[in-house]
Visitor: 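Take this structure first; my questions come after.
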Amino acid sequence: MKAKDFIPQSNLETIVTGKVTWQSPSNIALVKYWGKKENQIPANPSISFTLNNCKTITSLEFTRKKDSEQKGDLFDFEFYFEGQKKEDFKPKIYTFFERIEEYCPYLLDYKLIINSENSFPHSSGIASSASGMSALALCVMSLEKQLFPNISEDYFYKKASFLARLGSGSACRSVQGKIVVWGEHANINGSSNLYGVDYPNKVHEVFENYQDTILLVDKGEKKVSSSVGHNLMHDHPFSEERFKQAHKNLATLKDIFKSGNLNDFIEIVESEALTLHAMMMSSKPYFILMKPNTLEIINKIWAFREATGLPVCFTLDAGANVHVLYPEKNKTEVFQFIEDKLLGYCEKNQFISDSIGLGSKKL
Ligand code: PMV
């Protein structure tokens, strides 16, 4: 599909008022998206595990403006986060609405009230933009579905992911599916730069219910935002090689998903995490998001893997927190290790237990 296919065509039903609610999860990338072109087009394809417990619940109440009320070109909305009115979150949402206006012009006809809450602590350093933007995009699509009842389920989810991408790139991977690919890749059928697709190929049973224990090393605000980081890839001396490498790693991961070879999985996933941070450390200006405890944890994971042979590995987001990934069948031993050896490096010993989830859900 092309971007213009998401511009609504047919006549509208008249819907006066209503409320919709969606829950949408966060996701953790295995092959990372870092670097983008105009209109939130990724510079390379990425793939992620959808999470289960880290999620946002968002409701959208909409009331059609009366003919006497000004429709104009301004979005009219209130935003509440965990019950509190939040003016400081509004500019981000306003920008999102502006970006999707062409595809959802009907939003201008409504007064909107958005209520959002996260299942994970707000100040956990866990990015809530993926779950938050995807939940909001899904709510917008539920309104669109009422206005255009004939849209298909396939169109609904593709457009939800398309809209979510315009809010926050990685959010497009939080809409549908356990493993999601975003960005065109020669070996992955249906892959698109415009939206995430449910990984279409065979996945070995060892990845069923894969575990992700998120170690909260640093709960502070990020010093450098992802948008700034993405932009630094434009003049980055290693960017072209990096983008090629992501294509290659995704192709290799496709074979690994089929074979279930966890040694190869670990090699790709850890290398991707460190490459992401290496790109940050070698951009201009350079920056470091890892903390000393991030490195302590990585070293402890390597030592534990060496000593036990258990297939536990780490990945990182654009932050200091560590995602510890391992098969469900090794849960007991790995969790014991995490408790004994890793929690001491976390802020107030905090962590989040998560695993692969199914994607978003209408409530
Ligand atoms: O979605 P954004 O623009 O916040 O970028 C997120 C990028 C990473 O989380 C670092 C990697 C990824 O693919 O999710």
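Just follow the structure's listing: the first ligand is 1, and inside any ligand the first atom is 1. Since the model is a prediction, treat every value here as computed from it, not as a measurement.
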Visitor: With a 3.5 Å cut-off and no angle check, do the side chains of D340 and Q336 form a donor-acceptor pair?
Guide: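 Yes.
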
Visitor: Parallel, tilted or perpendicular: which fits the ring planes of F89 and F81, with parallel below 30° and perpendicular above 60°?
Guide: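 Aromatic pair F89/F81 classed tilted.
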
Visitor: For ligand 1, what N or O to protein N or O distances fall under 3.5 Å?
Guide:
| residue | atom | partner | partner atom | Å |
| --- | --- | --- | --- | --- |
| ligand 1 | 1 (O) | S168 | OG | 3.1 |
| ligand 1 | 1 (O) | S170 | N | 2.9 |
| ligand 1 | 1 (O) | S170 | OG | 2.6 |
| ligand 1 | 3 (O) | H230 | NE2 | 3.0 |
| ligand 1 | 4 (O) | S226 | OG | 3.1 |
| ligand 1 | 5 (O) | H230 | NE2 | 3.0 |
| ligand 1 | 9 (O) | D317 | OD1 | 3.2 |
| ligand 1 | 13 (O) | Y33 | N | 2.9 |
| ligand 1 | 13 (O) | R173 | NH1 | 3.0 |
| ligand 1 | 13 (O) | R173 | NH2 | 3.3 |
| ligand 1 | 14 (O) | R173 | NH2 | 2.7 |

Visitor: Is there side-chain contact between V197 and W182, with at least one heavy-atom pair below 4.5 Å?
Guide: no

Visitor: Cationic tip of K19 within the cone over F62's six-membered ring, i.e. under 6.0 Å and within 45° of the normal?
Guide: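 That pair does not qualify as a cation-pi contact.
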
Visitor: If you take the centroid of each ring, where Trp contributes its six-membered ring, are F207 and Y210 closer together than 6.0 Å?
Guide: yes

Visitor: Check for me whether the distance between the ring centres of F351 and F335 falls short of 6.0 Å.
Guide: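 Close enough - the centres of the two rings lie under 6.0 Å apart.
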
